[in-house]
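The next block holds one structure in the form of structure tokens; read it before the comments.
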Number of protein chains: 2
Amino acid sequence: MKDEGTEDHILSAAEKVFQRKGMDGARMQEIANEAGINKAMLHYYYRSKRFLFEAVLSKAFSLIAPEINRVINDDTHLFQKIENFTPSYINFLQKHPYLPNFLIQELNRDSDFIGVLHSKKDFLDFQKFQEQVDREIQEGNIRPIKAEQLFIHLLSLNVFPFLAAPLIKGFLQLNGSEYKQLMEERKEEVTRILINYIKIKE
Amino acid sequence: MKDEGTEDHILSAAEKVFQRKGMDGARMQEIANEAGINKAMLHYYYRSKRFLFEAVLSKAFSLIAPEINRVINDDTHLFQKIENFTPSYINFLQKHPYLPNFLIQELNRDSDFIGVLHSKKDFLDFQKFQEQVDREIQEGNIRPIKAEQLFIHLLSLNVFPFLAAPLIKGFLQLNGSEYKQLMEERKEEVTRILINYIKIKE
DNA sequence: GTCTATAGCCAGATAGAC
DNA sequence: GTCTATCTGGCTATAGAC
């Protein structure tokens with residue numbers, strides 16, 4: 001909105017629709033309505049549905065990678081980063097509730113789209129995190145672990161419960177507020193499980 | 001195949017197509033081709049695309065819930081169950097590679113489908129697992145934890161890395177074999193992290 | 001750059017012969 | 001029950017006026 005040019009305006013509308021409906025479920029007409037402009041404009045600026053979709057996918061990746069980067073690569077202690085990840089992620093989810101699911105879904109669906117990622121440069125800067133983990137190991141503060149594994153643990157424990165919420169609710173026969181309560185408790189759970197795992201007791 | 005009636009035959013074909021392409025991406029023609037029959041037959045047996053899809057979704061849930069149940073509710077020790085979960089899940093994935101992603105995706109997409117689940121009776125039998133966890137706590141073998149949380153930890157650590165494989169590969173700039181190597185290492189990682197978390201050291 | 005109108009296609013669904 | 005042929009609607013995309 002605001003002072004965006006029409007092109008960005010369209011992209012914002014496309015994000016909303018594509019992230020909720022996916023590539024196949026989305027309709028150009030709905031995107032046009034969302035943007036408050038005509039359907040023909042979408043083609044004028046982005047040529048085809050596919051190109052518009054790829055712009056959205058690419059931007060989604062560019063949006064989430066730095067976000068994770070920010071948590072992983074600030075100057076705080078390793079344990080502090082683990083602790084910060086959960087509230088940061090929940091905060092991100094509030095702004096972009098459909099984005100993680102969207103990315104995972106569409107990258108799984110059409111392996112061509114992975115090429116879209118590789119043409120970009122907004123990868124995670126994993127180096128710094130890796131060095132931090134290795135340093136902590138050498139100093140004898142944590143037990144040996146690959147930084148990649150710790151990272152995947154952190155993502156798994158934080159992201160999956162939101163991703164699979166309807167499925168887990170089905171499994172455990174929970175209603176919305178019961179599940180929300182579990183998620184609340186997890187904030188502490190996740191931190192403790194990871195720190196407990198890597199920390200060397202004195 | 002084999003001696004299935006036409007109805008089951010169609011359902012098998014529909015599973016393959018729907019699980020790979022999703023509700024919106026799937027084409028009735030493709031399902032008919034996969035089943036080796038005519039498109040009109042699909043409507044003769046299942047009336048509409050939506051009904052056929054719901055049959056597939058419902059069956060997917062009925063397929064995975066007992067599978068998890070089987071691991072969670074056999075007679076082995078709690079630690080043993082945690083250990084068994086990973087190889088069981090990987091084995092399941094080999095038979096139904098698209099199923100977890102399919103369920104999560106479609107349940108997130110259209111909240112109407114959650115009703116399909118509630119009309120079924122193949123929920124997870126969580127009672128037994130819950131009692132086992134509570135017993136271990138009372139006997140002082142593990143530290144206090146909600147069975148639900150332990151269950152979600154277990155699912156998260158096992159399921160997410162496969163679900164988000166393309167995304168994580170993008171983040172960490174890994175190729176297929178590097179990622180496969182990480183997954184191999186995780187088999188042990190996941191078991192250790194959970195048992196280490198709950199086990200009370202003597 | 002922005003619109004209206006429409007081309008052209010393709011998908012789900014059905015009619016009706018066998 | 002199974003097929004072919006076809007209807008009908010909706011979708012992407014474009015032509016062309018302004």
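Numbered from 1 within each chain, the chains take letters A, B, ... in sequence-line order. Keep in mind that what you see is a predicted model, and the values were worked out from it rather than measured.
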Q | Distance in angstrom units between B:Ile31 CD1 and C:dA11 C1', rounded | A | 12 Å
Q.
What residues from residues 21-28 of chain A pass a heavy-atom cutoff of under 4.0 Å to DNA chain D?
A. A:Ala26, A:Arg27, A:Met28
Q) Have A:Glu185 and A:Gln181 got a donor and an acceptor in their side chains that come within less than 3.5 Å? A) yes
Q) Is the shortest distance from a Lys or Arg side-chain nitrogen in A:Lys21 or A:Glu30 to a carboxylate oxygen in the other one below 4.0 Å? A) yes
Q) Between C:dT14 atom P and B:Arg47 atom CZ, what is the distance in whole Å? A) 8 Å
Q: Check the angle between the aromatic planes of B:Phe18 and B:Phe53 and answer parallel, tilted or perpendicular using the 30° and 60° thresholds.
A: perpendicular
(Q) Any side-chain to backbone donor/acceptor pair from A:Lys169 onto A:Leu174? Under 3.5 Å, distance only. (A) no
Q: Specify whether A:Phe126 and A:Phe129 have parallel, tilted or perpendicular ring planes, treating 30° as the upper limit for parallel and 60° as the lower limit for perpendicular.
A: tilted
**Q.** Atom pair distance, as rounded to whole Å: CG in B:Asn38 and C1' in C:dA13
**A.** 12 Å
Q: Identify the 5'-most and 3'-most nucleotides of DNA chain D with at least one atom closer than 4.0 Å to a non-hydrogen atom of chain B.
A: D:dG1 to D:dT4
**Q.** CD on B:Glu15 to CG on B:Leu52, rounded to 0.5 Å
**A.** 9.5 Å
Q.
Please report the distance, rounded to the nearest Å, between NZ in A:Lys39 and P in C:dA7.
A. 14 Å
Q | Atom-pair distance (CD on B:Glu30; C1' on C:dA11), nearest Å | A | 13 Å
Q. A:Tyr45 near the nucleic acid: base, sugar-phosphate alone, or nothing, with a heavy-atom cut-off under 4.0 Å?
A. sugar-phosphate
(Q) Has B:Glu178 got a side-chain atom pairing as donor or acceptor with B:Asn175's backbone, closer than 3.5 angstrom? (A) yes
Q. In Å and rounded to the nearest 0.5 Å, what is the OG1 to CG distance from A:Thr76 to A:Asn73?
A. 10.0 Å
